[in-house]
Amino acid sequence: MAKDYTQLSKDIVKYVGGTENVISLFHCATRLRFKVKDSAAVDKENLSQLSGVIKVLESGGQIQVVIGNHVADVCEAVFQNTGLKRDAAADGQDAGSKNLLNTLMDTISGIFAPMLGAMSGAGMLKALLILLTTAHLLEPDMGTYRILYAAADGVFSFLPIVLALTAANKFKANSYVAMAVAMALVYPDMSAAFSAGESLTFLKIPVVLVSYTSSVIPIIISVYVLSKLEKLLNKIIPSVLKGFTVPLVSLAVIVPMTFLVIGPIADTAGKLLASGYTGLVGLNPVIAGGILGLIWPAAVMFGVHWGFVPIVMNNIQNFGRDTLFVITGPNNMAQAGATLGVFLKTKNKEIKELAGPTALSAVLAGITEPAIYGVTLRFKKPFFIGAIFSGIAGAIVAAAGTSAPTLLTTSVLTLPGYIGTGFVGFLIACAVAYFGAAAVTYLFGYSDDMLPKKAAPSPAASDAPAPSQAGDEIIKAPVNGKAIPLSEVKDEAFAGGILGMGAAIIPENGNICAPCSGVISAMYPTGHAVGIQSDAGAEILIHIGMDTVSMDGDGFDVKVKEGQAVKAGDLLVCADLKKIQAAGLEITTPVIVTNTEDYLEIRQEATGSVRQGSAFLSCIGK
């Protein structure tokens with residue numbers, strides 16, 4: 001039965017700042033990639049704590065929410081349940097605020113990520129066909145083989161058409177006109193003219209014919225130019241004529257321009273890029289492969305690894321095979337092995353349940369982000385052990401000269417795709433990466449001592465008997481100020497009671513005191529929030545201001561620590577309200593009961609002016 005991601009999808013959008021803060025959303029193999037108007041409006045703390053979210057990153061000009069294998073289902077749930085449009089426009093984006101690298105990575109990922117599923121599936125089908133023909137279960141002249149090969153190779157042969165669609169979405173061009181441009185590039189007559197070595201002219205200007213099947217750079221540049229031309233035409237052409245005139249002029253200008261200028265220049269640039277990479281590897285394969293393998297886990301960690309797809313596709317177009325993703329492929333095995341080492345070593349049930357499936361996903365499907373964020377990076381040593389073995393394996397692969405004829409994600413299931421020169425070396429590299437990382441992690445890289453220790457309660461706290469159930473209780477005001485209903489708080493999570501019921505105070509000073517006697521259950525390092533487990537059973541959260549986690553502790557003087565017993569009125573945190581307001585943040589302080597479901601009612605007892613220590617909330621037990 002399919003899992004329901006309705007609530008998760010709503011919470012994700014809420015914590016990225018709501019639909020009004022989202023410019024666009026797409027997903028890659030494991031993560032949702034949001035482009036937002038204001039990254040400061042993203043509540044990364046709460047977003048990263050959602051059940052179903054592995055990690056939250058800000059990289060390449062994007063808010064990346066790592067989900068794992070179910071990312072496509074979660075992304076679809078976001079579109080269905082939140083009102084977010086699939087073609088969310090980029091109005092309001094401050095392009096100048098992003099540096100060149102972020103812009104480049106955002107553009108590349110935005111163009112290639114939506115089509116990676118189709119490319120990966122086609123690549124794996126090619127690998128399966130290689131296995132079947134090697135075993136002589138199929139022959140290239142058989143109808144079954146030819147039909148399946150058409151399914152596997154079609155996406156690569158007509159790659160410019162698919163790229164035209166994703167590039168048009170990225171550059172805000174007419175997607176159908178963009179695809180029409182791509183279709184002209186791979187039109188059979190033009191492909192035949194290239195194959196035959198014909199000499200063509202356009203208005204007596206010589207045309208340098210290029211093979212555009214499987215090409216990457218020419219169509220991307222052409223669609224970018226198309227987007228600029230369309231904007232110009234839409235400004236100068238009367239509305240009544242735009243419907244057919246803009247596409248007419250666009251095709252009449254862009255297609256010849258691509259054949260005459262953009263295509264030859266882009267093709268030359270692509271060949272230089274591919275030659276530069278192969279030249280680098282050719283200088284010293286072992287060193288180059290070792291360095292690439294060593295740094296690849298960091299590229300995956302920051303989500304920039306798919307930005308190398310253009311180089312891979314250029315390698316395949318120009319040389320018929322690729323080595324870049326082959327050299328870095330055993331990294332999947334290394335991280336899978338390190339995760340396996342943790343799984344075998346730990347006696348903690350929670351870690352076993354996490355490490356087992358993520359290790360399996362990495363080795364079978366080549367999807368490593370859940371293993372990296374959930375296990376290896378969490379404990380650090382396994383991640384670095386995996387990186388070292390990834391480097392060793394990369395050196396072995398480069399020395400063996402292994403390559404692949406298509407884009408593949410390395411996993412046990414795709415190994416047949418690497419059959420050919422250097423295949424044995426590739427198998428050895430994968431085995432070294434997997435078993436080596438697993439063994440070293442098991443022996444030296446992990447122990448359950450790395451797990452965080454639960455804070456032991458102080459003697460005063462341990463003497464108090466744990467309440468069998470939540471009883472009636474009065475929660476006192478933690479600070480002087482103006483009491484307001486929770487619904488008036490300018491934050492959807494608090495105002496909607498999602499985190500629990502309660503009320504809020506607009507404080508007059510920054511002396512935040514204990515609203516009851518109990519134990520400090522959570523003391524955030526930034527000082528902006530504190531949790532208290534009361535002696536009577538209430539679980540209380542005091543959140544000082546809105547989005548104040550962004551201050552990273554500046555302006556918060558914490559007076560208590562987690563596990564400490566406190567009495568009502570004890571000083572918890574001294575907050576500099578002027579500094580908070582100078583940062584442009586709200587000082588409104590919600591006081592909520594997070595275990596609201598344990599009570600019949602949470603009732604606000606005071607409105608308007610309140611004094612610290614006066615009755616603020618009533619918790620009515622069941």
Answer yes or no: is there a side-chain heavy-atom contact under 4.5 Å between [X] and [Y]?
| X | Y | answer |
| --- | --- | --- |
| Ser39 | Glu58 | yes |
| Ile220 | Ile111 | yes |
| Ile532 | Leu572 | yes |
| His528 | His543 | yes |
| Thr166 | Phe26 | no |
| Met551 | Ile580 | yes |
| Met523 | Lys561 | no |
| Lys482 | Val610 | no |

Which pair of non-hydrogen atoms, one from [X] and one from [Y], has the smallest distance, and what is that distance?
| X | Y | answer |
| --- | --- | --- |
| Val591 | Pro478 | CG2-CG, 3.8 Å |
| Leu84 | Phe79 | O-CD2, 3.4 Å |
| Pro590 | Val489 | CG-CG1, 4.3 Å |
| Gln335 | Ala387 | NE2-N, 3.8 Å |
| Pro357 | Glu353 | CD-O, 2.9 Å |
| Thr588 | Met546 | O-CE, 3.6 Å |

If you round to the nearest 0.5 Å, how far is [atom2] of [Y] from [atom1] of [X]?
| X | Y | atom1 | atom2 | value |
| --- | --- | --- | --- | --- |
| Leu47 | Leu32 | CG | CG | 9.0 Å |
| Thr594 | Met501 | OG1 | CE | 13.0 Å |
| Ile67 | Cys75 | CD1 | SG | 9.5 Å |
| Leu292 | Phe325 | CG | CZ | 11.0 Å |
| Tyr5 | Asp11 | OH | CG | 14.5 Å |
| Glu605 | Lys476 | CD | NZ | 13.5 Å |

Report, one line per pair, each donor and acceptor closer than 3.5 Å where one atom sits in a side chain of residues 503-516; sequence neighbours left out.
residue: Asn509; atom: OD1; partner: Asn511; partner atom: N; Å: 3.0

Tell me, please, which residues at least two apart from [X] pass side-chain contact (heavy atoms from CB on, under 4.5 Å).
| X | answer |
| --- | --- |
| Glu488 | Ile484, Pro485 |
| Lys559 | Asp557, Leu571, Cys574 |
| Thr6 | Asp4, Lys10, Asn81 |

* To do: Sorted by first residue and then second, give each salt bridge (Lys or Arg N to Asp or Glu O under 4.0 Å) pair with at least one member in residues 569-591; sequence neighbours left out.
  => Lys490-Glu586, Asp554-Lys579
State which residues pass side-chain hydrogen bond (donor to acceptor under 3.5 Å, both in side chains) with [X]; sequence neighbours excluded, sorted by chain then number.
| X | answer |
| --- | --- |
| Gln612 | none |
| Asp43 | Asn46 |
| Thr548 | none |
| Thr82 | none |

* **Verdict with supporting geometry, Val53 and Val66, side chain to side chain contact (heavy atoms under 4.5 Å, CB included)** => CA-CA 6 Å; Val53 172; Val66 183; over 6 Å; no
* To do: Report the C-alpha separation of Gln80 and Glu76 in whole Å, then their side-chain angles, then the decisive distance to 0.1 Å, and conclude whether the side chain to side chain donor-acceptor pair (under 3.5 Å) test is met.
  => CA-CA 6 Å; Gln80 289 183 358; Glu76 184 63 28; 3.2 Å; yes
* Does Tyr442 have any ring-ring contact (aromatic ring centres under 6.0 Å, His included) partners at least two apart in sequence or in another chain, and if so, which? -> none
* With sequence neighbours left out, write down each residue that passes ring-ring contact (aromatic ring centres under 6.0 Å, His included) with Phe556, or none if nothing qualifies. => none
Answer yes or no: is there a donor N or O on one side and an acceptor on the other, between the side chain of [X] and the main chain of [Y], under 3.5 Å?
| X | Y | result |
| --- | --- | --- |
| Thr441 | Ala438 | no |
| Ser390 | Gly293 | yes |
| Asn21 | Ala41 | no |
| Lys172 | Ser227 | no |
| Ser517 | Ala568 | yes |
| Gln604 | Ala606 | yes |

* Are Thr376 and Val342 close enough, and set up right, to give a side chain to side chain contact (heavy atoms under 4.5 Å, CB included), and what steps lead you there? -> CA-CA 8 Å; Thr376 63; Val342 173; 5.7 Å; no
* To do: For residues 560-592, pull every pair meeting ring-ring contact (aromatic ring centres under 6.0 Å, His included), keeping only residues two or more places apart or in separate chains.
  => none
* Pi-cation contact, Phe343 with Lys352 (under 6.0 Å, within 45°) -> yes
* To do: Would you please say whether a donor-acceptor pair under 3.5 Å links the side chains of Glu473 and Ser534?
  => yes
* Check the pair Leu354, Arg378 against side chain to side chain contact (heavy atoms under 4.5 Å, CB included), reporting the backbone distance first and the verdict last. => CA-CA 12 Å; Leu354 176 63; Arg378 176 179 177 181; 3.9 Å; yes
* Identified side-chain contact (heavy atoms from CB on, under 4.5 Å) partner of Tyr446 from the options Ile351, Val375, Ile385 -> Ile351
* To do: Test side chain to side chain contact (heavy atoms under 4.5 Å, CB included) on Asp598 and Asn595 and set out the steps.
  => CA-CA 6 Å; Asp598 293 339; Asn595 61 332; 3.1 Å; yes
